[in-house]
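Here is the structure we will look at, set down as structure tokens.
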Amino acid sequence: MELFQKILIANRGEIALRVARACRELGVRTVAVYSTADADSVVRRYADEAVCIGPPPPRRSYCNVAAIIEAAKMTEADAIHPGYGFLSEDPDFAEICAENGLVFIGSPPNVMASLGDKSMARTLMRQAGLPLLTGSADAARSAADVRDIADAVGYPVIIKAVAGGGGRGMTVVWSAAELSRAYTRTRAAARAVFGDDRIYVERFLERARHVEVQILCDAHGGGIHLGTRDCSVQRRHQKLVEEAPAPELDPDRVAEMCRDAVRGALAVGFTGLGTVEFLVDEDQAHYFIEINSRIQVEHPVTEMVTGCDLVHEQLYVASGTPLRLRQEDVVARGVAVECRVNTEDPERGFVPAPGLLERFTPPAGPFVRVDTHGFPGYRVSPHYDSLLAKVSVWAPSRAEALGRAERALAEFDIAGPGVVTTIPFIKKVLTDTEFRKGQYSTGLVERLVAD
Amino acid sequence: MELFQKILIANRGEIALRVARACRELGVRTVAVYSTADADSVVRRYADEAVCIGPPPPRRSYCNVAAIIEAAKMTEADAIHPGYGFLSEDPDFAEICAENGLVFIGSPPNVMASLGDKSMARTLMRQAGLPLLTGSADAARSAADVRDIADAVGYPVIIKAVAGGGGRGMTVVWSAAELSRAYTRTRAAARAVFGDDRIYVERFLERARHVEVQILCDAHGGGIHLGTRDCSVQRRHQKLVEEAPAPELDPDRVAEMCRDAVRGALAVGFTGLGTVEFLVDEDQAHYFIEINSRIQVEHPVTEMVTGCDLVHEQLYVASGTPLRLRQEDVVARGVAVECRVNTEDPERGFVPAPGLLERFTPPAGPFVRVDTHGFPGYRVSPHYDSLLAKVSVWAPSRAEALGRAERALAEFDIAGPGVVTTIPFIKKVLTDTEFRKGQYSTGLVERLVAD
Amino acid sequence: MRQGSGTDQRQHVLGCLHEHARRLADELPGRLGRIRVCSGDVIIEVEWAPIALAAAVPAQLEPAAALVSALEPAGAIDSRAIGSQDADSGNTVVVSAPLVGTFYHAPEPGAEPYVAVGKVIEAGATIGIIEAMKLLNPVTADTGGTVARICVENGEAVEFSQVLVEITPHH
Amino acid sequence: MRQGSGTDQRQHVLGCLHEHARRLADELPGRLGRIRVCSGDVIIEVEWAPIALAAAVPAQLEPAAALVSALEPAGAIDSRAIGSQDADSGNTVVVSAPLVGTFYHAPEPGAEPYVAVGKVIEAGATIGIIEAMKLLNPVTADTGGTVARICVENGEAVEFSQVLVEITPHH
């Protein structure tokens with residue numbers, strides 16, 4: 001099976017560079033696309049070719065389907081890697097790629113459409129036998145409908161946008177008194193953000209952990225998992241620290257969750273690289289939340305414990321190659337931790353704090369990996385996500401990995417006028433007693449912020 | 001068992017930084033020492049304290065025993081890590097450390113002394129049952145003695161200085177006609193360089209591979225090995241590319257060699273981290289060459305395949321902790337390759353080409369590790385070794401590792417007036433057909449240089 | 001695609017200079033009259049307003065605002081944006097590609113090109129067509145004048161903000 | 001200082017210049033009128049604001065030589081080498097530690113110190129002792145003069161090239 005000749009990378013920042021590196025290792029040529037705000041980006045220089053696709057606003061550049069398709073055609077690319085965010089889970093874009101003879105590196109459009117509808121995804125996974133949090137069978141039809149469900153489920157409940165996902169478009173409701181207002185607000189927000197005001201209701205777990213399973217499925221019905229990641233260190237559903245494997249879980253429960261993940265994905269015809277997200281309660285029961293069909297920001301921790309280059313494998317299955325790994329070939333070793341270094345000010349509610357990087361030297365040395373698009377003299381753009389660097393470390397044990405993460409973060413030299421990063425906050429997380437014990441839940445960050 | 005409180009790092013360059021990183025991960029404070037030529041070094045800033053110990057010439061700074069001992073005393077360090085080179089295998093220095101209440105992180109002085117005498121090391125290893133190349137039982141006493149041995153062994157032979165090692169002080173003799181001149185010359189050189197003109201004679205293997213075994217022994221008689229490294233890519237006995245494990249060897253032969261290594265080390269009371277070097281002939285028979293009792297330049301490849309931080313383990317055994325790993329805990333996975341980026345000009349016989357690094361951005365990304373003391377604006381000093389950076393990569397297979405090494409080297413951005421590196425030459429090695437097959441010998445570099 | 005690495009570097013330097021100027025202005029006490037930052041052979045000049053002459057004021061001010069916009073990388077890049085702008089090269093303005101696609105000189109194969117070098121056009125005139133996703137998008141000039149140069153061949157692919165045509169305006 | 005042509009180096013230099021300008025403005029007394037920092041042939045110019053219009057002559061300060069040594073990292077460090085050199089501070093020379101060890105003012109506890117501030121010494125005079133590995137190493141001054149300052153306490157550990165004593169030479 002032939003790999004691709006030339007891949008257009010329809011993304012920016014660290015993930016664009018990460019994909020370009022994988023392509024180069026596999027002898028695949030690359031096309032970078034960039035907005036005028038990213039004219040000095042590393043990936044623009046790194047790629048074999050580069051095309052300017054529009055002005056800074058994403059909808060006119062990185063989400064500009066016409067510009068990207070035209071760029072692929074003019075450079076004679078045969079596939080498009082969408083990275084994460086932007087167009088990575090857009091079924092329409094995937095379909096247009098196909099119509100233009102381009103391989104979209106992701107799941108088939110109809111599968112993405114089903115999974116993107118969180119209510120339908122719930123239904124499909126229930127049919128596949130995955131455990132779900134009690135809640136609405138389908139999208140709730142009215143305020144009364146929502147009230148009936150909430151009463152049946154018991155408070156607190158969470159109202160989620162059907163078109164949401166990735167932590168966006170959800171509201172926790174603690175009592176019946178708040179319900180009607182929360183319903184109205186969530187619907188309005190969903191309509192504004194997603195153009196789809198359907199919502200559904202689920203039981204809300206207060207002390208849950210957010211655990212996800214990395215899956216990889218080929219186009220021939222084969223599917224494997226690559227173990228778990230714990231992503232409970234979140235602030236308003238935005239992840240700050242992730243680790244693999246999820247700590248302090250019963251191995252049998254983990255095995256069951258991973259089997260569920262693969263079964264669920266295969267049941268809906270999923271192909272490519274994906275993540276099945278679960279909530280895990282205090283009794284270690286797991287509940288399906290959603291499936292993502294993109295490479296995740298936090299994929300390096302899985303790579304470090306499995307030794308598997310996920311982007312390589314993603315390209316292989318996208319090209320039609322059957323899985324190169326059997327389930328028994330995937331052996332997790334040690335512990336990996338990723339720290340997200342964002343240009344945000346934790347002291348001021350994590351507001352973006354971009355600016356010119358006058359000093360920028362990432363950490364290095366044994367078992368440390370840094371994915372970043374930063375360099376000395378780089379100006380962090382206010383137009384995009386504030387993720388500047390991912391510092392990932394590996395060690396044989398969790399305690400050693402956390403020590404190594406602290407060492408690495410202490411080495412990171414970033415300075416510039418106006419530039420503030422999440423590093424000090426991440427250090428607080430790493431030294432938190434509850435976190436050290438591996439017994440943390442999604443409430444951790446809120447507690448640390450309050451301190 | 002308590003680890004050290006504060007370690008003085010009696011070295012410079014990348015290895016000093018590497019040791020400082022390990023110390024920081026383990027919560028051990030560090031003292032850097034530096035010559036006036038290294039006043040702007042990274043490790044000086046990285047360490048908790050720093051002491052200027054002398055002017056640029058090594059014998060007045062990094063080999064200046066009095067200055068280093070005094071620096072350790074004034075900073076109240078409790079141990080000294082010697083790195084590699086300089087004082088790392090100097091039994092007198094180790095003894096003076098002990099007299100001053102400082103732990104020398106290495107093997108006991110008497111063991112180092114025995115192993116440093118290559119003729120005595122041969123004798124000890126023969127007694128321990130290790131296979132040796134046929135040659136003189138002891139140091140050869142005269143030209144006639146040498147001739148008798150050479151006639152018995154058969155040409156070509158190699159004349160080696162008893163006090164040599166690490167590839168220094170040896171001459172290959174192809175025929176009886178050259179013998180007398182080579183004998184005289186090698187003795188004279190040995191006298192000049194080592195202050196000891198004793199030599200010995202061994203059979204010379206033309207198409208041999210240089211394979212070494214990483215060993216770790218505690219102070220309680222315990223010893224394990226951490227697998228093999230192939231270091232056959234050498235130019236005049238200076239290594240350029242190393243990999244772990246040594247490729248294309250019969251697993252039973254490897255197991256035997258590794259057992260020999262541990263047995264030999266334990267037989268002479270070796271403790272700490274060390275390397276047992278072997279020549280492996282075309283029939284995969286192995287012959288002992290020497291034992292080194294220091295951390296090796298090429299240790300990262302072993303770390304990458306075993307997941308074991310060798311400097312951590314070195315510190316633990318030096319502090320008296322029993323081995324933390326059993327032999328069965330050491331499991332090699334995948335293949336790691338290290339490329340030495342030296343500031344040398346391969347086009348002009350590898351002459352040093354130091355200078356100001358106007359541009360310096362090392363490669364990064366998945367499964368790439370760079371150990372370097374370089375930074376933009378750093379001036380490579382002509383006073384010291386020309387090793388500027390070690391680019392190490394890991395992958396599940398050797399072919400993938402070589403592809404990744406090529407990717408990483410292509411990313412390395414180094415430029416400055418007068419600065420030339422070995423990168424282009426290393427690229428030639430990586431793409432060489434014989435090397436790709438894993439069937440190379442110590443003659444590889446010479447052939448590539450001749451091309 | 002078109003910006004050489006020399007330009008990249010220069011922009012990078014400019015960004016730094018800008019920062020230096022700004023920070024000096026921030027950090028230095030008193031009432032500044034002049035800051036000069038130069039990279040040619042690395043010069044920083046700071047001049048304070050002559051106090052006694054406060055009334056006569058700032059004839060000599062190389063105003064901060066001008067410096068900022070000249071040194072601002074974002075501004076430099078945005079100047080490649082859609083439509084016509086003053087080009088560096090004196091008195092021509094450029095029409096750049098407002099989208100990615102294939103540039104055509106004429107409405108259809110064999111037809112008369114919209115413009116030719118030397119032709120006089122009015123503001124708002126169509127200078128070509130960019131085809132993207134099978135849609136034909138006319139490209140118009142914001143400024144009238146004489147067509148000085150056609151920078152892209154007929155049927156050539158263009159990226160966003162690529163210069164298509166240069167026009168010498170009439171004054 | 002070796003002047004590289006690269007942007008990186010120039011930026012580094014610029015950073016230094018910036019620092020100099022800021023610090024000068026911070027440190028210098030009076031009301032500043034003008035600072036000029038230059039690297040081409042290394043100049044700093046500071047102009048004070050004309051106080052009462054007329055007569056205030058712009059004082060030109062800070063000789064180039066001082067700036068050179070301030071900007072040259074390697075040079076600055078090498079100037080810490082063994083023996084006596086001209087110090088930055090005008091007309092004193094320093095005696096620095098020729099080895100690492102413990103500095104003693106006197107040959108033995110309770111004895112008269114070799115030198116004291118104000119004492120006149122001749123070239124070659126012992127100014128103290130450094131003990132290293134139980135050996136006592138006398139430290140001598142290359143230049144005679146009046147002892148201006150003793151920079152290290154008795155019994156204090158010193159690193160290589162650390163300044164021990166400052167001497168004002170006689171002319």
Side-chain angles (χ1 to χ4, degrees), chain A residues 14 17-27 42 45-46 299-300 303-312 324-325 329 331 333-335 359-372 375-377 389 392-397 400-408 410-411 413, chain B residues 14 17-27 42 45-46 299-300 303-312 324-325 329 331 333-335 359-372 375-377 389 392-397 400-408 410-411 413:
Chain A
E14 66 86 17
L17 184 58
R18 188 308 144 242
V19 172
R21 282 180 165 137
C23 290
R24 200 180 262 187
E25 287 176 1
L26 295 174
V42 173
R45 279 171 275 154
Y46 195 94
H299 74 277
E303 296 187 322
M304 289 178 112
V305 296
T306 62
C308 171
D309 186 309
L310 293 178
V311 179
H312 283 196
R324 306 191 316 149
L325 295 164
D329 297 331
V331 180
R333 172 148 115 174
V335 173
R359 304 172 57 89
F360 187 81
T361 309
F367 305 107
V368 172
R369 162 181 172 182
V370 181
D371 288 271
T372 182
F375 55 87
S392 309
V393 303
W394 179 93
S397 71
E400 289 166 299
L402 298 182
R404 188 159 275 154
E406 281 189 84
R407 185 273 284 177
E411 263 179 45
D413 182 19
Chain B
E14 66 86 16
L17 184 59
R18 200 265 167 262
V19 172
R21 281 179 165 137
C23 290
R24 199 179 264 187
E25 287 176 0
L26 296 174
V42 172
R45 279 172 275 153
Y46 195 94
H299 75 275
E303 296 186 321
M304 289 177 111
V305 297
T306 62
C308 171
D309 187 309
L310 293 177
V311 179
H312 282 197
R324 307 191 315 149
L325 294 164
D329 298 329
V331 180
R333 170 148 116 172
V335 173
R359 305 172 56 90
F360 187 81
T361 309
F367 306 108
V368 172
R369 162 180 173 182
V370 180
D371 289 89
T372 182
F375 56 87
S392 309
V393 303
W394 180 93
S397 70
E400 288 166 300
L402 298 182
R404 187 160 275 154
E406 282 189 84
R407 185 274 286 176
E411 262 178 45
D413 182 18

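Here is the naming used below: chain letters follow the sequence lines, and residue numbers restart at 1 for every chain.
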In terms of heavy-atom proximity below 4.5 Å to chain B, should [X] be classed as side chain, backbone, both, or neither?
X        : answer
A:Glu14  : neither
A:Arg369 : side chain
A:Glu406 : neither
A:Pro300 : neither
A:Val311 : neither
A:Ala410 : both
A:Arg21  : both

How would you list, by chain and number, every residue that makes a ring-ring contact (aromatic ring centres under 6.0 Å, His included) with A:Phe360, sequence neighbours excluded?
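ring-ring contact (aromatic ring centres under 6.0 Å, His included) list for A:Phe360, sorted by chain: A:Phe412.
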Are B:Val331 and A:Arg333 close enough that some pair of their side-chain heavy atoms sits under 4.5 Å apart?
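When only atoms from C-beta onward are counted, A:Arg333 and B:Val331 do touch, with a gap below 4.5 Å.
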Side-chain heavy-atom pair B:Asp309, A:Arg404 within 4.5 angstrom cut-off
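Sidechains of A:Arg404 and B:Asp309: in contact.
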Quick check on the interface: out of B:Phe367, B:Trp394, B:Phe375, who has the most heavy-atom pairs with chain A under 4.5 Å?
B:Phe367
Identify which of B:Glu400, B:Glu25, B:Glu303 forms the greatest number of heavy-atom pairs closer than 4.5 Å to chain A.
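That would be B:Glu25.
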Where does B:Tyr46 contact chain A at under 4.5 Å (heavy atoms): side chain, backbone, both or neither?
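The side chain, not the backbone.
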Salt bridge present between A:Glu411 and B:Arg24 (N-O < 4.0 angstrom):
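Not counted as a salt bridge, because no side-chain N and carboxylate O are separated by less than 4.0 Å.
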In short, A:Pro396 meets B:Gly307 closest at the heavy-atom pair CG-O, 3.6 Å
Which atom of B:Asp371 lies closest to which atom of A:Gly365, heavy atoms considered:
OD2-CA, 4.4 Å
I'd like to know whether CZ of A:Arg324 has more than 12 heavy-atom contacts from other residues, nucleotides or ligands below 6.0 angstrom.
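Check passes, neighbour count above 12.
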